[in-house]
Amino acid sequence: MKKFKFSPEFNTRVAATVARYPRADAALIPLMQEVQRELGHFPEEAAQALANLLGISYARVKGVLTFYTMFRREPGGRYLLQVCRNLSCHMAGSVKLLEYLKGRLGVEEGGTTHDGLFTLVAVECLGSCGTAPVMMVNDDYHENLTVEKLDKLISDLRAAAKAQK
Amino acid sequence: MAEQILLKHKVVSLDGYKASGGWTALEKATRMEPAAIIDEVKKSGLRGRGGAGFPAGLKWSFIPKDSPKERYVVCNADEGEPGTFKDRELIRMNPYLLIEGMAIAGRAIGAKTGYIYVRGEFAREAALLEKCVGEARVAGFLGDKLFGSDFSFDLHVHKGAGAYICGEETALLESIEGRRGQPRLKPPFPAVEGLFACPTVINNVETLAAVPAIIEKGGAWYAAIGAGKSTGTKLFSISGPVKKPGVYEAELGIPFKTFLEEYAGGMAEGKKLKAVITGGSSVPVLTAEEAMAVKLDYESLAAAGTMLGSGGIIVIAEGTCMVDALLVLAKFYHHESCGQCTPCREGSGWIEKALRRFEEGGARHGDADLLLSVAGNMPGRTICTLADALAMPVISFITKFRDEFDAHAAGNTCRMGHK
Amino acid sequence: MRLKIDGKETEVKPGTSILEAAQAMGVLIPRYCYHPSLSVAGNCRICLVEIEGAPKLATACSTPCAEGMSVLTSSEKVRAARRDVMEFLLINHPLDCPICDQAGECGLQDYYMEHGRHKSRFPQADKVRRQKRRDAGKYLVLDNERCILCTRCVRFCEEVTKTEELCVRERGDRSYIDLKPGARLDNDYSLNIADICPVGAFTSADFRFRKRVWFLERTPSVCAGCATGCPVEVHHSGGAVYRLMPRPEEGFPAWLCDEGRMTYKSLRAPGRPAAAFCEEGNLKPAAGLRFAASRLGKLKPEQVAIFGSPFMSLEDNLALAELAAAIGTRNFCLHFSTEPGIKDGILKNTDHSPNARGLSLIHSAYGGYTREQFSEKLASGEVKFILGRNEEVKAALAAAKADIPSSVFSFSDEPAPGRACVLPAASHFESDCLFINYAGRLRRARAAVKAPEGVLPVWQAADRIASMVGAPIRLETRAAVLERLKSRIPELAGAPLADDKAEFELK
């Protein structure tokens with residue numbers, strides 16, 4: 001396995017993150033999030049590197065990595081689309097939204113579009129039931145969604161990505 | 001509208017918070033004896049708003065007085081109970097209220113450090129909290145020797161990473177410590193051995209945010225609001241087919257009917273009430289008839305065979321297939337079971353698979369009883385209450401809407417035209 | 001504090017769990033995740049008991065006894081909970097008992113009979129499938145599908161070996177135990193994981209499918225792999241040893257190291273001699289002794305050297321000391337210098353020999369040369385014949401750069417030095433014998449299997465040789481050996497050597 005190198009930015013942040021806790025190993029999850037923020041996912045090689053950094057076992061890192069659903073173990077699309085499928089969103093039509101997205105993007109749940117722009121997943125309650133149905137795009141909530149709104153959102157995201165190229 | 005304690009002001013800046021009367025309670029608290037603060041909170045009758053409803057003052061009083069260890073205040077902002085979205089709203093409305101409440105709690109139990117555990121998806125809210133904590137620190141509302149007293153207190157924001165179970169207080173502690181979020185065996189309780197094995201108080205966002213007003217105006221003032229042992233106001237999140245879904249602060253004891261009609265604007269156009277989940281998805285469902293007769297407080301809801309829980313109200317309209325709705329919830333609990341205890345790990349999967357047969361075909365006569373039996377074998381036999389949280393909807397949905405389950409099993413048809 | 005368990009009063013120390021208190025009274029509460037030598041996890045939920053007045057059942061493993069508590073361990077509520085937990089444990093279990101090597105010592109099989117007996121109501125097709133048999137380490141095979149996620153293995157690697165190879169991955173019923181990709185579970189104590197796994201998830205690669213456990217006979221003994229002298233149970237059948245298992249004994253952890261467990265292998269090593277072997281070729285063991293005696297008889301006493309060994313028992317070394325005295329040679333060595341101690345914080349000793357303390361007692365009583373002096377003697381050319389254990393004789397000859405004829409006792413397939421006549425000897429698996437461990441504790445090995453036809457323990461061989469050369473030492477029986485040990489070695493004067501059960505520790 002290739003050796004993992006933390007970025008210089010990551011390294012500058014470690015001390016401050018660790019300082020928030022009385023024990024260095026408590027910084028595990030924030031540091032994993034930091035790696036993921038930089039890379040878009042948490043690569044397998046980073047597990048041992050982070051374990052070494054914090055003086056803990058690989059097993060512990062891997063156990064944590066696989067417990068929490070927000071860690072992405074594989075690279076995904078630029079936009080992570082998370083459609084809430086819990087009860088309020090379900091009653092408000094999230095199934096249809098998900099079906100629509102599958103069709104429009106040509107992917108199944110968990111899949112990433114060929115252009116690498118979108119990864120589509122269905123997730124459990126996003127805690128925004130009052131504005132159901134809800135979908136997250138990366139860190140942002142998109143609420144009271146309809147197929148029309150979704151359609152425009154996807155187009156806008158595509159345009160934004162194109163503009164950034 | 002009832003008295004607004006939590007959602008009174010939309011506060012967007014530290015100055016704004018100060019102008020709204022912020023920090024006076026903390027200043028007062030720094031001059032109070034810790035025991036007097038706890039007494040005031042006890043007097044207020046404030047109960048845990050996260051779901052369990054445990055008296056907050058009593059919880060604080062469990063912190064050993066003579067322990068030489070550090071103590072911690074932890075705020076549970078891992079809002080993940082389906083149907084609940086009040087903490088997010090509260091943080092957006094007035095993040096300083098929570099910060100001040102935590103500092104007062106710190107003063108009460110002798111803690112120097114607090115952690116706010118925000119669910120990972122609430123990245124914006126976590127960032128907002130971090131910003132506000134930073135401002136408060138600069139302005140001297142957090143940090144060393146607050147208001148010239150000997151009390152020092154600081155806060156850190158800790159983001160979750162996607163696990164409903166971390167809303168369980170000991171799983172949350174495990175998560176802050178950088179481990180898998182698996183609930184701990186109790187005893188020891190967190191008050192004795194909590195975060196980093198130190199005495200710890202863990203309260204929900206809403207509970208802590210209620211503290212400044214209690215300290216400022218007195219426990220007796222707070223206790224006069226509400227109904228009986230359900231004192232104060234409560235944030236209710238209401239979702240489903242109502243005219244105005246959202247978060248509303250209402251006095252405990254408000255009839256559901258009043259709440260639905262006056263706060264949420266009544267049922268959405270053309271929708272008729274079928275059932276209500278009153279306290280987040282984990283509590284037993286009420287039929288429309290039951291719901292319309294019930295008051296929203298701890299005791300009344302318990303008497304009606306359900307719970308106030310987190311105050312996450314999910315309204316279900318006629319035409320909704322209860323089998324389908326229950327399958328959605330069963331999937332959720334199966335997905336979120338941490339996997340530690342046998343009954344929950346195995347039972348949650350079993351229930352989802354059995355329910356799936358009702359929806360996808362293959363359910364047999366008697367399978368509803370099988371589900372009742374399996375769900376009945378789970379509660380009270382696990383470390384935390386996630387098993388109970390699954391069993392309660394399963395048992396109540398099937399018991400109260402049995403005909404729908406039997407129709408699915410018999411003809412594999414759904415009266416709701418769902419399949 | 002006092003409490004009642006199933007209506008019977010008992011008194012326990014504060015901090016005692018209900019499970020421990022019940023066990024002390026002879027009430028065995030079922031358990032999977034609980035292990036007395038590991039931290040309490042409380043996850044399997046099979047040990048639920050009823051505490052009168054409490055609304056919920058409590059896990060006996062994690063609930064401390066309280067003054068005045070009344071516990072019911074087999075009320076209807078408790079039995080129902082156990083039955084239900086058994087049902088949950090089995091829904092996703094593959095139920096592949098016929099092809100499972102845990103059969104016969106499986107917690108699922110045992111408790112199903114006792115507490116389960118439910119009708120199956122879970123469709124086979126719905127079972128969660130996980131990875132079947134795979135190689136997890138030098139001695140371990142892992143079957144994730146059989147795992148009940150009790151985490152004993154994880155805790156063992158965290159708390160005992162502190163190697164932390166294992167963790168639970170994923171969550172809910174997707175959880176499974178795993179290692180780092182490409183890593184192996186090869187710590188020095190890995191086979192304990194097969195022992196403590198209550199089901200057939202971790203099985204021993206060394207033992208699996210060699211014998212069904214119900215055919216095994218069990219003989220309590222000790223491990224001779226190092227100076228720690230751990231208590232073991234020798235599992236054997238039809239004269240063959242199949243495995244060594246840890247045996248509970250006060251003062252010892254419940255583990256064995258992998259190296260110690262493998263010591264039984266020397267018994268069946270293909271090169272282990274069952275016959276004597278001399279320049280003339282193979283001889284029956286008795287003829288080998290006659291051959292040694294004839295060599296010895298032709299020499300003057302000072303031309304004979306006798307060499308004791310910390311790898312041989314008290315009995316063996318005593319007999320060699322007696323033989324040296326009887327033939328009147330001063331050229332003998334019962335000396336071995338060592339600095340024993342637990343080197344890894346668990347069990348493994350810096351001293352690999354099981355009986356250095358015992359040998360030193362005999363050295364004190366009988367005298368003889370130190371190893372250094374002995375080596376000089378061998379180099380001097382005076383000695384024309386050596387009798388001793390193969391390995392030591394070979395090493396001593398090499399160190400002294402001497403080429404002296406010898407008769408060597410062999411317990412293993414270790415090749416003998418040149419000009420040696422090999423005398424097969426019965427090991428501690430094949431004869432009752434005593435060692436004294438590094439801490440001065442008397443260790444009893446018991447014959448579990450028979451030695452090959454005619455193969456004797458060294459003490460008996462020495463007695464025969466002594467008789468043949470006309471210098472009888474009168475150690476015909478083991479009782480005689482034990483009596484001699486008591487009469488010649490002051491430290492053992494009052495030791496209960498013949499009493500199988502009594503413990504003894506040097507002052």
Side-chain angles (χ1 to χ4, degrees), chain A residues 1-6 23-29 31-33 35-36 39 41-76 82 84-87 108-110 121-127, chain C residues 33 38-39 41-43 128-131 134 136-137 140 142 144-145 147-190 192-193 196-197 201-202 344-346:
Chain A
M1 191 171 293
K2 61 180 185 286
K3 195 134 166 63
F4 183 81
K5 262 192 85 156
F6 294 112
R23 284 205 312 250
D25 61 336
L28 175 60
I29 292 172
L31 291 178
M32 289 171 74
Q33 289 166 333
V35 169
Q36 174 158 309
L39 302 175
H41 74 293
F42 188 91
E44 170 65 24
E45 311 86 78
Q48 186 64 59
L50 200 48
N52 296 346
L53 182 75
L54 295 173
I56 57 177
S57 66
Y58 166 89
R60 163 117 172 250
V61 179
K62 193 73 178 190
V64 165
L65 178 67
T66 58
F67 187 87
Y68 296 98
T69 52
M70 288 178 73
F71 289 121
R72 300 167 71 185
R73 292 174 243 169
E74 301 294 332
Q82 306 188 75
C84 176
R85 67 166 172 218
N86 212 289
L87 190 50
E108 285 304 306
E109 273 184 56
V121 290
V123 294
E124 291 303 347
C125 185
L126 288 172
Chain C
C33 66
L38 299 174
S39 65
N43 59 36
V128 173
R129 302 304 305 265
R130 296 200 192 101
Q131 194 173 357
R134 71 172 145 140
L140 291 172
L142 172 59
N144 280 116
E145 209 163 70
C147 174
I148 58 167
L149 294 159
C150 72
T151 68
R152 277 182 176 186
C153 55
V154 177
R155 284 175 282 144
F156 179 84
C157 294
E158 283 172 2
E159 298 163 16
V160 180
T161 60
K162 301 187 169 62
T163 43
E164 293 189 52
E165 293 95 336
L166 296 173
C167 72
V168 178
R169 301 277 167 85
E170 309 294 336
R171 66 188 191 200
D173 62 6
R174 285 89 62 213
S175 305
Y176 63 98
I177 303 283
D178 205 5
L179 276 161
K180 186 175 177 176
R184 291 169 63 80
L185 191 39
D186 278 347
N187 66 52
D188 291 342
Y189 295 84
S190 69
N192 293 290
I193 294 168
I196 62 177
C197 180
F202 273 112
D344 60 359
I346 310 172

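Letters A, B, ... mirror the listed sequences (proteins, then strands); counts begin at 1.
The shortest heavy-atom contact between C/Cys167 and A/Ala59 is SG-O, 3.1 Å. The two residues A/Tyr58 and C/Arg169 come nearest to each other via the heavy atoms CE2-NH2, 3.7 Å. Across all their heavy atoms, A/Thr66 and C/Val168 have their closest contact at OG1-O, 4.4 Å.
C/Glu164 touches chain A through backbone and side chain together, each having a heavy atom under 4.5 Å away.
Shown here is A/Glu74, whose CD atom has no more than 12 heavy atoms of other residues, nucleotides or ligands within 6.0 Å.
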